[in-house]
Amino acid sequence: MAALDGTTVLVITTNYGVEQDEIIVPTEELRKRGASVTVAAKTTDTVQTLVGDKDPGKSLDPDTTFDSVSAGDFDALVVPGGTINADTIRGETTAVDLVKAFVEQGKPVAAICHGPWTLVEAGILPGRTITSYPSLQTDVRNAGAEWVDREVQVDETNGTVITSRNPDDLPAFVDAIQAALVPASA
């Protein structure tokens, strides 16, 4: 696969409750592959990650806030999971509007684990096939999508939506994000 030099990726998160590996692994891996990755949170306060939704993980400083970014400035969007993070971020209008804007502009949106809750809230799932953490199956189906149990699902119905189930799927998830960005970096 081609390097991601020249591509820009936005990662959105809340300041508390994001699953550690679901934010750190894609951010670090995409940067290693050449992408410029920006982490946006509700505030510029430190982001406290969790491991398994309960144990404190690493902390990181966001680069900016939801209110300070625009889909037009990035090539792709990543929505990490963590039950607390995903449940909180889907209630953030600005974050949900970012998901809608990326889809409207035909830019890849990638969500892992509980992250697809934000896709449900954004109303972008009708007619798509996605995966997620298994407990979201009913929400995904009620939002008009087909749910499948795969490590990564790439749906190209009206734009590209990349989804994965859990941290074990991160290698395939990151590879799928890179594959979706290769045309943009050529």
Side-chain angles (χ1 to χ4, degrees), residues 1-4 7-14 17-41 47 49-53 57-58 60 71 74-87 89-90 95 98-99 102-103 106-122 124-125 128-137 139-140 143 145-157 159-185:
M1 286 189 211
L4 295 177
T7 61
T8 54
V9 177
L10 178 63
V11 178
I12 58 173
T13 184
T14 56
V18 64
E19 182 68 30
Q20 174 185 278
D21 289 350
E22 292 174 9
I23 190 167
I24 291 176
V25 171
T27 300
E28 289 179 355
E29 281 298 313
L30 292 169
R31 285 178 177 154
K32 284 180 193 172
R33 298 174 190 202
S36 173
V37 180
T38 300
V39 176
V47 172
T49 72
L50 296 177
V51 177
D53 284 333
K58 296 177 183 175
L60 62 123
F74 298 92
D75 298 312
L77 175 67
V78 175
V79 184
T83 309
I84 297 169
N85 174 67
D87 192 41
I89 204 167
R90 68 181 173 160
L98 280 168
V99 171
F102 272 86
V103 171
K107 297 178 178 182
V109 173
I112 187 167
C113 201
H114 287 79
W117 262 339
T118 309
L119 310 183
V120 168
E121 195 64 35
I124 63 148
L125 293 183
R128 294 188 186 276
T129 300
I130 73 159
T131 193
S132 66
Y133 194 75
S135 66
L136 275 63
Q137 289 181 56
D139 296 332
V140 166
E146 177 183 349
W147 186 89
V148 294
D149 185 9
R150 295 190 183 119
E151 72 176 348
V152 68
Q153 175 64 37
V154 178
D155 184 283
E156 294 180 329
T157 306
T160 302
V161 173
I162 302 159
T163 50
S164 285
R165 302 168 299 188
N166 58 56
D168 293 339
D169 299 337
L170 282 164
F173 183 67
V174 174
D175 286 348
I177 295 168
Q178 178 171 337
L181 286 169
V182 169
S185 64

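Note that the coordinates shown come from a computational prediction; the quantities given were computed from them, not determined experimentally. Positions are given from 1, in the same order as the sequence printed here. Keep in mind that the numbers below use all heavy atoms, side chains included, and drop hydrogens, waters and symmetry copies.
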Colleague: For the pair Arg33 (side chain) and Gln178 (backbone), establish whether a donor and an acceptor sit closer than 3.5 Å, ignoring hydrogens and angles.
Modeller: no
Colleague: Would the distance check show the side chain of Asp149 and the main-chain N or O of Thr131 forming a donor-acceptor pair, the cut-off being under 3.5 Å?
Modeller: no
Colleague: Do Trp117 and Asp139 have side-chain N/O donor and acceptor atoms under 3.5 Å apart?
Modeller: yes
Colleague: Would you name the heavy atoms of Asp53 and Gly17 that are closest together and state the gap between them?
Modeller: OD1-O, 4.5 Å
Colleague: Tell me whether Thr49 contacts the main-chain N or O of Lys58 through its side chain, where contact means a donor paired with an acceptor under 3.5 Å.
Modeller: yes
Colleague: Please find the pair of heavy atoms, one from Ser164 and one from Asp169, that lie closest to each other, and give the distance.
Modeller: CB-CB, 3.8 Å
Colleague: Sub-3.5 Å donor-acceptor pair from the side chain of Gln153 to the main-chain atoms of Thr163, do we have one?
Modeller: no
Colleague: Work out which heavy atom in Ala176 is nearest to a heavy atom in Val152; give both atom names and the distance.
Modeller: CB-CG2, 3.7 Å
Colleague: Run the side chain to side chain contact (heavy atoms under 4.5 Å, CB included) check on Val109 and Thr160 step by step: do they pass?
Modeller: CA-CA 6 Å; Val109 173; Thr160 302; over 6 Å; no
Colleague: Are Val140 and Gln137 packed together at the side-chain level, in the sense that at least one heavy-atom pair is separated by less than 4.5 angstrom?
Modeller: no
Colleague: Does a side-chain heavy-atom distance below 4.5 Å link Ile12 with Ile89?
Modeller: yes
Colleague: Determine whether a donor-acceptor pair (N or O, by modelled atom type, separation under 3.5 Å) exists between the side chain of Thr27 and the backbone of Ile24.
Modeller: no
Colleague: Can a donor-acceptor pair be found, under 3.5 Å and without considering hydrogens, that links the side chain of Arg165 to the backbone of Pro134?
Modeller: no
Colleague: Would you mind reporting whether Val25 and Phe173 have side-chain heavy atoms less than 4.5 Å apart?
Modeller: no
Colleague: Just so I know, are the side chains of Leu77 and Val9 near enough to count as touching, which here means a heavy-atom distance under 4.5 Å?
Modeller: no
Colleague: Is the shortest distance from a Lys or Arg side-chain nitrogen in Lys32 or Glu28 to a carboxylate oxygen in the other one below 4.0 Å?
Modeller: no
Colleague: Whether Lys107 and Asp75 form a salt bridge (side-chain N of Lys/Arg under 4.0 Å from carboxylate O of Asp/Glu) is what I want to check.
Modeller: no
Colleague: Take Asn166 and Ile112, measure what side chain to side chain contact (heavy atoms under 4.5 Å, CB included) needs, and give me the verdict at the end.
Modeller: CA-CA 6 Å; Asn166 58 56; Ile112 187 167; 6.0 Å; no
Colleague: Please answer whether the main-chain N or O of Gly57 pairs with a side-chain N or O of Gln20 as donor and acceptor at a distance below 3.5 Å.
Modeller: no
Colleague: Say whether, by atom type as modelled, one donor and one acceptor occur between the side chain of Asn85 and the main chain of Thr13 under 3.5 angstrom.
Modeller: no
Colleague: Between atom OG of Ser36 and atom CG of Leu4, what is the distance when rounded to the nearest 0.5 Å?
Modeller: 11.0 Å
Colleague: When you look at Ile130 and Val148, which way does the side chain to side chain contact (heavy atoms under 4.5 Å, CB included) test go after all the steps?
Modeller: CA-CA 6 Å; Ile130 73 159; Val148 294; over 6 Å; no
Colleague: Checking side chain to side chain contact (heavy atoms under 4.5 Å, CB included) for the pair Asp87/His114: CA distance, chi angles, key distance, verdict?
Modeller: CA-CA 8 Å; Asp87 192 41; His114 287 79; over 6 Å; no
